[in-house]
Amino acid sequence: METGPLHFGVIGGGLLGLTLSLRLAERGRRVTLLEASDRVGGLADAWELGDVAWDRHYHVTLMSDSRLRAILAELQLDDQMRWSRTRTGFLVDGQLTSMSGLADFLRFPPLRFIDKLRLGWTIWQASRRDDWQTLEQIPVADWLIKHSGRRTFNQIWLPLLKAKLGDAWQRTSAAFIWATIQRMYAARRTGLKYEMFGYLPGGYARLLSAFQAHLQTLGVDVCVNRPVRRIERDDDGGYAVTGADGEVSTFDRVVVTLPAPTAARVCPQLSEDEIARLADVEYLGIICASVLMKKPLAGYYVTNITDAAPFTGVIEMTALVDPAELGGRTLVYLPKYLTAEDAAWSKSDDEVRVEFIAALERLFPNFDADDVLAFRVSRVRNVFALSTLNYSRRVPPIETSSPGLFIVTSAQIVNGTLNVNETIRQAESSLDTLCQPLPHPLPAFGHDAPADRELIARPR
Ligand SMILES: Cc1cc2nc3c(=O)[nH]c(=O)nc-3n(C[C@H](O)[C@H](O)[C@H](O)COP(=O)(O)OP(=O)(O)OC[C@H]3O[C@@H](n4cnc5c(N)ncnc54)[C@H](O)[C@@H]3O)c2cc1C
């Protein structure tokens with residue numbers, strides 16, 4: 001018999017782990033959150049850049065991000081969001097052109113009229129279909145060439161695919177581009193006339209600190225500086241979670257929210273098949289430079305680059321965020337998405353700086369390297385799971401062979417892009433599975449589990 005509230009250990013304090021902790025606590029469960037770093041937030045956390053503090057990676061909220069906005073409302077922050085329409089630029093053959101609306105699109109110099117019609121058709125029909133399982137079986141290049149034509153593919157789509165996927169674009173399915181276009185059209189689906197981009201004054205640091213405080217008022221034990229090394233079923237059917245310092249915490253149920261290969265490492269008792277499935281998920285990583293400057297760069301929130309460059313896009317955050325938030329400075333992010341094997345991982349911060357600043361000078365004639373006030377590099381190896389052919393058939397399941405041990409990770413997002421709203425949806429949609437009664441008696445598990453043992457949850 002289970003007595004008292006079940007005690008859940010949630011491993012990983014990114015937005016996924018935070019949301020799970022919130023919703024489990026609201027359902028009356030006892031929750032302890034274990035986060036490796038010295039603060040919660042993961043990919044969305046903040047850091048210091050020169051004398052300002054802002055998000056380590058660029059983050060924008062869409063007005064149509066209903067799940068994220070529901071959490072912002074619960075934290076009494078949604079009414080403080082600042083919304084605006086931003087502009088998008090395209091750097092093609094050394095020319096920076098606006099691509100911010102239909103008029104810009106019709107004028108867009110690199111493409112002939114017929115190419116524009118085919119490009120428009122590609123985007124329009126992708127925004128309307130919902131058979132992503134069909135698209136998952138088709139390589140993205142084949143699908144885009146079929147609908148947009150080879151010229152437009154080479155001039156527009158291929159540089160964009162390389163920008164977001166590095167060399168892995170060749171292994172990616174058409175579901176990836178479908179999900180990206182779906183996000184662009186999310187506003188229409190949620191009844192808005194057009195999309196607005198938003199941010200919270202104070203950035204994600206403010207959201208995260210309010211989130212952590214709210215969890216604590218609900219009784220969640222938020223533990224930072226607690227990297228988890230091993231999760232093992234113990235003799236009475238609960239779980240022993242061992243930290244890097246050897247400290248052991250015990251729980252009735254454990255939910256791992258880490259990237260799939262890390263989950264495989266910390267759950268050694270899972271079956272060989274389960275471990276292989278987790279370890280085999282292919283991730284893209286990112287090298288993302290934050291640059292603080294004296295003057296604005298180009299005024300576009302996003303500039304897509306189709307010319308050769310060491311980074312794969314330019315995000316001018318202060319085209320969205322009021323520069324007053326950053327002491328009147330301009331904040332620009334220079335991301336480079338890359339596969340695990342890419343040689344660029346071995347570059348030092350200084351090498352990245354020299355290469356990226358030289359490229360900015362080449363691509364933006366108004367940019368002056370003397371205007372750079374601070375430059376900082378973030379490197380993350382496992383950012384998002386690559387949408388390879390038929391990925392949804394290989395995605396690791398939430399339930400494991402060990403009753404009470406669950407994996408809820410962004411790698412399970414099969415029909416959306418990686419963003420906070422989808423991450424929250426992934427957490428929320430897993431709740432019924434996490435809270436369901438376990439089989440009774442529990443099956444034996446692990447290499448040394450006695451076969452006839454009755455394993456039941458007990459108060460902790
Ligand atoms: C460059 C970039 C730009 C982005 N832009 C946007 C945007 O504009 N809008 C948007 O909505 N989303 C954006 N995102 C996506 C958003 O950041 C993610 O959707 C979200 O942060 C994923 O949260 P998560 O909890 O799944 O993963 P993570 O944030 O990776 O959280 C995992 C957590 O687990 C911890 N951890 C790892 N190992 C252990 C261990 N052994 N023990 C304990 N803890 C451990 C990590 O420290 C981390 O805190 C962006 C992401 C990146 C990288």
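One-based numbering, in listed order, for ligands and for the atoms of each.
- No option in Val31, Leu218, Leu6 other than Val31 meets the side-chain contact (heavy atoms from CB on, under 4.5 Å) test with Leu24.
- Counting heavy atoms closer than 4.0 Å to ligand 1, residue Tyr333 contributes nothing at all.
- Below 30°, between 30° and 60°, or above 60°: for Phe356 and Phe375 the angle between ring planes is above 60°, a perpendicular geometry.
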Under the salt bridge (charged side-chain N to carboxylate O under 4.0 Å, His left out) criterion, do Asp342 and Arg381 qualify, and how do the steps go?
-> CA-CA 11 Å; Asp342 201 299; Arg381 282 198 168 257; over 6 Å; no

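- Seen from the ring of Trp178, Arg129 does not count as a face-on cation partner, given the 6.0 Å and 45° thresholds.
- Below 3.5 Å of separation, one finds an N or O of Leu15 facing an N or O of ligand 1.
- Taking atom 25 (O) of ligand 1 as the reference point, the nearest protein heavy-atom neighbour is Leu16 N, 3.0 Å.
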List the steps, then state whether side chain to side chain contact (heavy atoms under 4.5 Å, CB included) holds for Gln212 with Arg39.
-> CA-CA 10 Å; Gln212 182 167 349; Arg39 56 189 178 273; 5.9 Å; no

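- Checked against a 3.5 angstrom limit, the closest N/O atoms of Asn419 and ligand 1 fall inside it.
- Considering both main-chain and side-chain atoms, Ala36 comes within under 3.5 Å of ligand 1 through a nitrogen or oxygen pair.
- Residue contacts with ligand 1 for Leu258 involve side-chain atoms from C-beta outward but no N, CA, C or O (heavy atoms, distance under 4.0 Å).
- Under 4.0 Å from ligand 1, heavy atoms of Val60 appear from its side chain as well as its backbone.
- Contact between Pro227 and ligand 1 is present, with at least one heavy atom of the residue lying under 4.0 Å from the ligand.
- For Ala240 against Val248, the heavy-atom pair with the smallest separation is CB-CG1, 3.9 Å.
- Side-chain N/O atoms of Asn419 and Thr417 include a donor and acceptor closer than 3.5 Å.
- In summary, the atoms of ligand 1 found under 4.0 Å from a heavy atom of Leu34, numbered by their order in the structure, are 43 (C), 44 (N).
- One finds no salt bridge joining Arg329 and Asp371 here, because no Lys/Arg side-chain nitrogen approaches an Asp/Glu carboxylate oxygen to under 4.0 Å.
- Considering backbone and side-chain N/O atoms, Val228 comes within less than 3.5 Å of an N/O atom of ligand 1.
- Residue-ligand proximity: Arg226 is placed with a non-hydrogen atom under 4.0 Å from ligand 1.
- A salt bridge does not link Arg394 to Glu136: none of the charged side-chain nitrogens sits closer than 4.0 Å to a carboxylate oxygen.
- By the 4.0 Å N-to-carboxylate-O rule, Glu422 lies too far from Arg183 to be salt-bridged with it.
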Residue pair Arg425, Asp65: steps toward the salt bridge (charged side-chain N to carboxylate O under 4.0 Å, His left out) verdict | CA-CA 10 Å; Arg425 186 198 308 276; Asp65 281 343; over 6 Å; no

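- Listed by atom number, the atoms of ligand 1 under 4.0 Å from Gly42 heavy atoms are 29 (O), 48 (C), 49 (O).
- With respect to atom 2 (C) of ligand 1, the closest heavy atom belonging to the protein is His57 CB, 3.6 Å.
- At least one N/O-N/O distance between Tyr58 and ligand 1 falls below 3.5 Å.
- Near Ile286, the atoms of ligand 1 lying under 4.0 angstrom from a non-hydrogen atom of the residue are 1 (C).
- Nearest heavy-atom pair, Phe384 versus Lys164, reported as atom, atom and distance to 0.1 Å: CZ-O, 3.8 Å.
- Although no hydrogens or angles enter the test, the distance criterion places no donor-acceptor pair under 3.5 Å between the side chain of Gln269 and the main chain of Glu232.
- The closest protein non-hydrogen atom to atom 49 (O) of ligand 1 is Glu35 OE1, 2.6 Å.
- Ligand 1 has a nitrogen or oxygen under 3.5 angstrom from a nitrogen or oxygen of His59.
- Judged by distance alone, the side chains of Thr400 and Glu274 never bring a donor and an acceptor atom under 3.5 Å apart.
- Under 4.0 angstrom from ligand 1, the non-hydrogen atoms of Val383 all belong to its side chain.
- Shortest contact from atom 31 (O) of ligand 1 to any protein heavy atom: Gly14 CA, 3.4 Å.
- The protein heavy atom nearest to atom 11 (O) of ligand 1 is Val420 N, 2.8 Å.
- Nearest protein neighbour of atom 29 (O) of ligand 1, counting heavy atoms only, is Leu43 N, 2.8 Å.
- At least one N or O atom of Thr423 sits closer than 3.5 Å to an N or O atom of ligand 1.
- Close N/O approach between Asn421 and ligand 1 is not found [any backbone or side-chain N/O within under 3.5 Å].
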